[in-house]
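In what follows, a single structure is set out as structure tokens and then discussed.
Counting begins at 1 with the first residue of the sequence. We count ligands from 1, going down the list as the structure has it; atoms in each ligand are counted the same way.
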Amino acid sequence: MAEAQRTITGIGVCPGRVVGPVVVMPEAIEEPSPGLRLPPRADHQGEADRIAVARDQVTADLQRAASLVEGETREVLEATATIAADPTLLEDARRRVLEEHLVPERAVWEAAAAVAEQFEAIGGYLAERARDIADIRDRLVAALTGRPAPGVPEHPEPFVLVAPDLAPSATAALDPERVLAIVTDGAGPTSHTAIVANAKGIPAVVAATGASAALHAGDTVLVDGSAGTVVLHPTAAQIEAAAALADRVRTFDGRGRTRDGHRVQLLANVGDPAGAEPAARAGAEGVGLFRSEFCFLDRDQPPTVAEQVAAYRTVLSAFGGRKVVVRTLDSGADKPLNFLSVDDEENPALGVRGLRTAGRWPELLEDQLAAIAAARDAESAEVWVMAPMVSTVAETEWFVARCAAHGLDVAGVMVEVPSAALLAGPILARARFASIGTNDLTQYTMAADRLLGSLAELSDPWQPAVLQLVAATCAGGAQQDRPVGVCGEAASNPVLAVVLVGLGVSSLSMTARAIPDVAALLAEVDLADAQRLAQLALVAESAADARAVVRAGLPQLAELGL
Ligand code: PEP
Ligand code: MG
């Protein structure tokens with residue numbers, strides 16, 4: 001008898017329909033309490049021996065996992081297995097049990113800290129391996145306490161990863177060849193986890209409340225990253241339909257437009273120089289958001305002007321003759337910098353961040369604008385510059401003036417704060433264009449931290465309040481005859497893209513791999529239809545209603561598989 005079908009609903013953040021077996025991400029291992037000691041009459045020798053048994057199990061598990069995969073992943077697992085087999089950690093942990101009477105998991109924890117410290121002191125290759133020690137430590141603690149090994153489990157065939165939540169770094173490490181889709185209970189649609197999944201092209205459904213409890217290892221699921229649904233035990237017909245869609249390769253002809261020919265520029269978001277070439281190859285009409293932070297993050301000193309020029313030129317040269325919108329440094333809150341000491345802030349998201357950093361450290365902006373201008377002079381791309389997190393008309397005026405001083409005449413602002421949306425008229429009397437960062441605009445409109453999965457329902461760009469601010473920005477743009485684009489994650493959702501175009505947005509910038517789907521749906525919709533659907537979304541009373549009413553008005557979605 002067929003097993004009962006069940007659909008779990010969340011928020012789709014990366015389109016695509018895939019079927020596969022569930023692999024459940026185990027919970028993270030927490031530090032065993034420092035005071036945990038064995039009772040006086042405990043079998044200390046026996047407890048110490050348990051560590052050796054756990055070590056053998058962990059080494060064997062790592063070797064087996066390595067044998068299931070190929071390439072770099074295999075090399076990493078083999079190296080970790082070799083370190084696990086090394087006696088140093090084992091001997092140190094055993095001594096702590098025998099002499100200090102620590103429980104084995106606490107002894108392992110402390111021994112691992114000591115070994116990692118030694119590795120770091122030696123430096124070079126061993127310092128880089130200090131991270132592997134933490135991995136081995138967690139595996140040992142899991143084995144000693146009877147829990148599943150931490151991290152993404154190895155699996156012989158591609159799988160759907162189900163997790164209560166997933167850190168952005170864990171998402172970044174996922175291999176799209178092996179992970180067919182991601183389903184999380186938490187994480188909002190504008191979280192970094194969602195952004196990374198989208199950039200890697202892994203279909204994802206976030207905020208799927210209860211998914212990790214309802215889905216078990218080995219269950220077959222159909223994940224629909226567009227509709228935001230996870231179907232447990234799909235029918236043969238559903239599996240066949242998903243496979244047919246997966247075989248269809250969609251391309252983009254390089255000119256975004258509605259069915260009746262209304263032009264909408266489809267641009268790429270680029271996060272580092274390495275991302276530029278693939279985006280250009282995908283046919284993006286230009287770059288709508290070049291996130292320049294990569295140059296500044298994880299460094300102890302700001303980059304020199306020469307370093308910046310070289311990095312920016314790589315991106316500009318990939319888009320010769322095309323538009324590239326460079327966003328000046330957006331630091332603070334979710335993007336902290338090592339070399340800037342911001343005062344202790346209780347609420348960094350509301351603190352000195354984005355353009356406010358440039359107000360505090362003007363030389364950073366001056367150097368960056370000089371570097372952008374020099375890169376522009378050396379390449380043929382059409383360079384636009386914009387500032388993140390602009391809140392006032394005065395900030396706009398100041399930024400535009402600083403850009404003009406460097407000969408950067410096309411200076412714009414990101415609309416990420418409700419005040420900027422409401423003041424779009426006067427702001428766009430000064431700035432040449434606006435680009436709406438819907439990730440932050442949603443965060444600040446809904447007062448919901450974009451990093452908190454538990455607030456995913458609020459962190460949804462379909463929220464009618466967010467859409468009304470998009471409409472207000474477009475009205476300001478129309479008043480001043482200035483273009484308004486969107487460069488937040490919202491632009492990569494084909495259905496929401498139709499609404500944004502209907503609200504008056506003239507360019508959409510997204511992860512390059514989303515462009516063909518967005519282009520395909522726009523090409524099936526007349527501008528008047530987009531405008532009508534946008535009005536329906538604007539007057540909806542919830543994000544879910546807005547999404548539902550627009551999807552219902554787009555019968556093309558089924559045929560396009562979106
Ligand atoms: C945004 O906030 O929508 C945006 C595009 O900027 P980031 O995601 O880099 O904050
Ligand atoms: Mg932002």
Side-chain angles (χ1 to χ4, degrees), residues 13-14 168 171-172 187-199 206 267-272 275 279 284 286-297 315 324-337 348-358 384-391 395 399 412-421 433-452 455 458-463 465-467 469-470 473 484-493 496-497 500 505 507-512 514:
V13 290
C14 178
T171 315
T190 57
S191 66
H192 292 281
T193 297
I195 294 176
V196 174
N198 209 356
V206 298
L267 310 163
N269 287 357
V270 169
D272 56 32
V287 174
L289 168 62
F290 173 24
R291 289 184 165 102
S292 62
E293 294 77 50
F294 75 92
C295 235
F296 297 80
L297 295 173
V315 175
V324 175
V325 185
V326 186
R327 169 174 81 185
T328 57
L329 177 63
D330 181 21
S331 73
D334 51 322
K335 309 175 187 102
L337 293 185
L350 304 179
V352 178
R353 58 161 307 194
L355 183 64
R356 299 169 194 177
T357 314
W384 295 21
V385 188
M386 67 182 179
M389 289 284 300
V390 171
S391 316
E395 284 174 352
F399 181 72
V413 297
M414 284 188 78
V415 172
E416 305 190 274
V417 181
S419 63
F433 68 98
S435 182
I436 306 176
T438 44
N439 306 334
D440 276 315
L441 184 61
T442 305
Q443 158 163 270
Y444 293 119
T445 304
M446 305 307 296
D449 186 337
R450 64 193 266 188
L451 304 180
L452 279 185
L455 299 180
L458 295 173
S459 301
D460 186 341
W462 280 96
Q463 286 286 352
V466 177
L467 298 178
L469 289 170
V470 172
T473 312
V484 172
V486 168
C487 64
E489 288 305 289
S492 70
N493 177 316
L496 189 45
L500 297 172
V505 163
S507 68
L508 297 165
S509 189
M510 65 202 86
T511 178

Between S509 (side chain only) and G288 (backbone N and O only), is there a donor and an acceptor less than 3.5 Å apart?
yes
Is there a donor-acceptor contact under 3.5 Å from the side chain of Q443 to the main chain of R450?
yes
Side chain D440, main chain V417, donor-acceptor under 3.5 Å:
no
So between M510, K335, Q443, R327, whose heavy atom ends up nearest atom 10 (O) of ligand 1?
K335
Is it true that a side-chain atom of E293 and a backbone atom of L329 form a donor plus acceptor pair closer than 3.5 Å?
no
Under 4.0 Å from ligand 1, counting heavy atoms only, is it the side chain of R353, its backbone, both or neither?
neither
Give me the atom names and distance for the closest heavy-atom approach of S435 to M386.
CB-SD, 3.5 Å
Ligand 1 atoms nearer than 4.0 angstrom to some heavy atom of D440 are 1 (C), 2 (O), 3 (O), 10 (O)
Can you name the atoms of ligand 1, numbered from 1 with element, that are less than 4.0 Å from a heavy atom of G488?
3 (O), 5 (C)
Is the closest heavy atom of R450 to ligand 1 under 4.0 Å?
yes
Inspect the contact between K335 and D330 and indicate whether a charged nitrogen and a carboxylate oxygen are less than 4.0 angstrom apart.
yes
With the Mg ion (ligand 2) as the reference point, give the N/O/S atom of D440 that is nearest.
OD2
Cut-off 3.5 Å, side chains only: do S331 and T357 have a donor facing an acceptor?
yes
Return yes when M414 approaches ligand 1 closer than 4.0 angstrom through a heavy atom, no otherwise.
yes
With heavy atoms under 4.0 Å as the rule, classify the contact between L289 and ligand 1 as side chain, backbone, both or neither.
side chain
Name whichever N, O or S atom of E416 ends up nearest to the Mg ion (ligand 2).
OE2
Please identify which atoms of ligand 1 are closer than 4.0 Å to at least one heavy atom of E416.
1 (C), 2 (O), 4 (C), 6 (O)
Check: Y444 side chain, A349 main-chain N or O, donor-acceptor pair, under 3.5 Å:
yes
Is the contact between E489 and ligand 1 made by the side chain, the backbone, both, or neither, using heavy atoms and a 4.0 Å cut-off?
neither
